[in-house]
Structure formats: structure tokens, C-alpha cells
Amino acid sequence: ARDLRFQRAAEANSQLQAHRHSRLESRILQQQMQEDQNLEKQAREREKAEEASANLSGKRSRAKAKAQQAADTRKSTVAEKVVVKGDKVDTLALERQKMRDVRREAQIKAQKILREAKSEVFRQSMTSRFNLSWLEEQLHRIENAGSLTSYGPKSSQDMTFQLPEEEEEAEEDRLSAQRAAGVDPSALHLYG
């Protein structure tokens, strides 16, 4: 009976050891499975993080490229506008210089025409004032009659100098030229 008790105790001890060993193995297996699950989970999370990082990097690269393209477009647009404005400024300056030159030339021509008109008016007034033929006639009458009263001009019309036909035509040509140049011959006395 004692041996049987020992035998039963040994069997119970053996069963207990086996049960403990089984529980330990089960626990180790569960731990390994848990570790494997954790590793898989970490791997999945790492893959997700890498994908997110790759997506973010791609988005950043695309955004950077888009921003660079927009900046290049703005630069080219600004450069084109600068060139166009520069051309407009140059054209405007050239047109202004042309207008100044034309105005200066017109002023010079007008001054020349005015001087010529004044000179012609002065010459004609002097010619009318000092009519040599009338003076010679008066001198001849003085020498013949010795008196100016009977032979003097009866009116201011007698002292008016009558131009020959050629001088009248030249006078008409001069007046036409003055009118064509924009000079009013009747207003020449205002410039005196």
C-alpha cells in the first residue's frame, strides 16, 4: 500500500509536472503568438507610416513643382510686361521727340515767313511812301512852274503808288503763300 501511495504520488506529481509544463508551453506559445502579432502590427504600422511619408513627400514634391512653375510663369509674365512697357516708353519718347522736332521746325518756318512778310510789308510801305516817279514828277513841275500848289496831288489817291502788273502778281503769290502757311496777312501788324 505504501508503494501504491508512492506510485500514485509519483503519477500525480508527474501529471502535475506535465500539466505545469503544458501550461508553461501554452503560455510561451501565447507569448510568442502575442509577440508575432505585435511584430505584425508594428510592421503594418511601419508600412502605413512609410506609405504616408511617401504620399506626403510626393505631395510636397508636387506642391513644390507647382509653386516653382507658378513662380516661373509669374516671372515670364512680368518680364514680358516689362519688355512691352519698355517698348511703349521708348515709342512714346520717340513720338514726343518727333513732335518736338516738328513743332520746332514749324515754329522756325513760321518765324521765317513772318520775317519775310514783315520785310515785304516794310518794303512795300517804303516803296509807297517814297514813290520816286511821283517825286520826279513833282520836281519836274517845280522846275517848270516854280510852284507846288497848282501841281500837287489833289487827294490821297493821287499819292497812291500803282504797282506794275508783275509786282501785283508777285504780291498775290506772296499772300497766297502766307495763307497756305497759316499766316494771316491782315494780322501782320500785330507782330510788329
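For clarity, every value in this text was computed on a predicted model and none was experimentally measured.
To the nearest 0.5 Å, atom CE of residue M99 and atom CZ of residue R96 are 9.0 Å apart. How far NZ of K88 is from CD of E95: 14.0 Å, rounded to the nearest 0.5 Å. Residue L94 holds its CG atom at 4.5 Å from NZ of K98, rounded to the nearest 0.5 Å. With rounding to the nearest 0.5 angstrom, the CZ atom of R23 is 9.5 Å from the CG atom of L16.
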Between side-chain atoms of residues 35-43 and protein atoms elsewhere (two or more places apart, or another chain), which donor-acceptor pairs fall under 3.5 Å?
from, atom 1, to, atom 2, distance (Å)
N38, ND2, Q34, O, 3.3

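The side chain to side chain contact (heavy atoms under 4.5 Å, CB included) search around R60 returns L56, not counting sequence neighbours. Scanning for side chain to side chain contact (heavy atoms under 4.5 Å, CB included) contacts around Q97 gives R100, D101, with sequence neighbours left out. The salt bridge (Lys or Arg N to Asp or Glu O under 4.0 Å) search around K112 returns none, not counting sequence neighbours. In this structure E80 satisfies the salt bridge (Lys or Arg N to Asp or Glu O under 4.0 Å) test with no other residue, sequence neighbours excluded.
A donor and an acceptor atom, one from each side chain of H21 and E25, are located under 3.5 Å apart.
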- Intermediate values then yes/no, side-chain contact (heavy atoms from CB on, under 4.5 Å), K66 and R62: CA-CA 6 Å; K66 190 174 180 180; R62 288 192 294 273; over 6 Å; no
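Side chain of S26 to main chain of S22: no donor-acceptor pair is present (N/O by atom type, distance under 3.5 Å, no hydrogens or angles). No donor-acceptor distance shorter than 3.5 angstrom exists from the side chain of S14 to the backbone of A10, with no hydrogens or angles considered. Proximity of a side-chain donor or acceptor of S76 to a complementary backbone N or O of D72 within less than 3.5 Å is detected. Between the side chain of S53 and the main chain of A49, no donor-acceptor pair closer than 3.5 Å is present.
Crowding of Q69 atom CD: a count of heavy atoms from other residues, nucleotides or ligands under 6.0 Å not exceeding 12.
Through direct or relayed side-chain contacts under 4.5 Å between Ile, Leu, Val, Met, Phe, Trp and Tyr, I28 connects to L24.
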